[in-house]
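Written below as structure tokens is the structure these notes are about.
Atoms within a ligand are numbered from 1 in the order they appear, just like the ligands themselves.
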Amino acid sequence: MKWIITYLTSSIGKKQIMGCTGAFLALFIFGHMCGNFQLLNFDQASAQASYNAYTEFLTGFNPLHFPVKMIYLIELVLVGAFALHIFLAVKLKIENKKARGGIEYEVNARKGKKTFATFTMIWSGLFILGFLVQHLMMLKFGEHYLYVNAEGEIVRDMWLTTIQMFANPGWAAFYVVSMFVIGLHLFHAISSAFQTMGIAHQKWTPIIDIAGIAYSVIVALGFGITAVAAFYLANQPGTQALIEKSRSLQPQYEQMKLEKAAKKASFVIPSVGEVQVSFNAEI
Ligand code: HEM
């Protein structure tokens, strides 16, 4: 037990945990980028249907029939990984500074030089944290547009929420800049993580470095292009009609929610057998 505490409180232990949580987050980012490529579809109706089917699938995915939806478990792991990664980054930064008597001095041990990405790691990381707060506030917890899915159900139109945010040129520009910062962060993080794990090899290290650069460029460009496409889509003439249609669905949606709540509240009392107690949505 003592060795775990020694490991967790050691500098290398903290760096390795940062590497592992960072790798997990980098994989999430890649998957997220691929899902968002559906925003590159310029046919509004089919883009709306496919993007919303994708977000509905993600939020409803529960193959093992857990009592709690899978998405909540995934979100919990994501929040934990982000929190641990950021906490350790700030802690290591403060400890490094203290150890050096407050003098900023950080070298890339392998290359023996300080790159722009190395120097800005903590700042690009804190910028990403700010970006994530904006991102979740505007999208996940943002405007609730509605649309009728293939099954005739009224569901949240995540596609419209997303493209509507990008309708604002300020937000679209902010995203393009943010993707550059995320690319910069990943650029140093990947080679640094391999180094921390002790993978330093004459033949493999240059290949890892190139793969790290390629990965960061792909992620930054992939998300950046998506942001520009969403800006273009949002400013198409058809978008206003979709917003109006969404508003007209609101009363029906409220009614549907009441009916669903009433269905959930109805239950059978086993000892009484056939008797079913239910609430009527119309009351
Ligand atoms: C053009 C760029 C991006 C677009 C269009 C986009 C779109 C979205 C949308 C629509 C959601 C809400 C999904 C839902 O609630 O159903 C979301 C959630 C999220 N996004 Fe992004 N995203 C982008 C870039 C990023 C980047 C770069 C990161 C990470 C640094 C990121 C991290 C997240 C996280 C952590 C969530 C919450 C996931 C969850 O709760 O399940 N996104 N994004």
Legend entry - Min N/O separation T226 to ligand 1 under 3.5 Å: no

Inset, instruction - From atom 42 (N) of ligand 1, work out which of M165, H135, H185, M179 has a heavy atom at the shortest distance. - result: H135

Legend entry - Nearest non-hydrogen partners of W159 and N52, listed with the distance: N-OD1, 3.1 Å

Inset, instruction - Identify, for atom 37 (C) of ligand 1, the protein heavy atom at the shortest distance, and state residue, atom and that distance. - result: L136 CD2, 3.5 Å

Legend entry - Y51 touching ligand 1 at heavy-atom level, < 4.0 angstrom: yes

Inset, instruction - Could you establish whether L39 and ligand 1 come within less than 4.0 Å of each other, counting only heavy atoms on the residue side? - result: yes

Inset, instruction - Considering only non-hydrogen protein atoms, determine which one is nearest to atom 27 (C) of ligand 1 and report residue, atom name and distance to 0.1 Å. - result: I182 CD1, 3.4 Å

Legend entry - atom 3 (C) of ligand 1 [closest protein heavy-atom partner, distance rounded to 0.1 Å]: N36 ND2, 3.7 Å

Legend entry - Selected option - heavy-atom contact closest to atom 24 (C) of ligand 1, from Y54, F231, F223, F57: F223

Inset, instruction - Considering the heavy atoms of M158, write down every atom of ligand 1 situated less than 4.0 Å from one of them. - result: 10 (C), 12 (C)

Inset, instruction - Considering heavy atoms of the protein only, find what lies nearest to atom 28 (C) of ligand 1 and give residue, atom and distance to 0.1 Å. - result: F131 CE2, 3.9 Å

Legend entry - Which atom of L126 lies closest to which atom of V90, heavy atoms considered: CD2-CG2, 4.5 Å

Inset, instruction - Measure from atom 21 (Fe) of ligand 1 to every N/O/S atom of H32 and report the name of the nearest one. - result: NE2

Inset, instruction - Using distance alone, determine whether E75 and ligand 1 share an N or O pair under 3.5 Å. - result: yes

Inset, instruction - Let me see the working for I182 and F131 under side-chain contact (heavy atoms from CB on, under 4.5 Å), right down to the final yes or no. - result: CA-CA 10 Å; I182 287 169; F131 161 82; 4.2 Å; yes

Inset, instruction - Answer yes or no: is there a donor N or O on one side and an acceptor on the other, between the side chain of Q134 and the main chain of G130, under 3.5 Å? - result: no

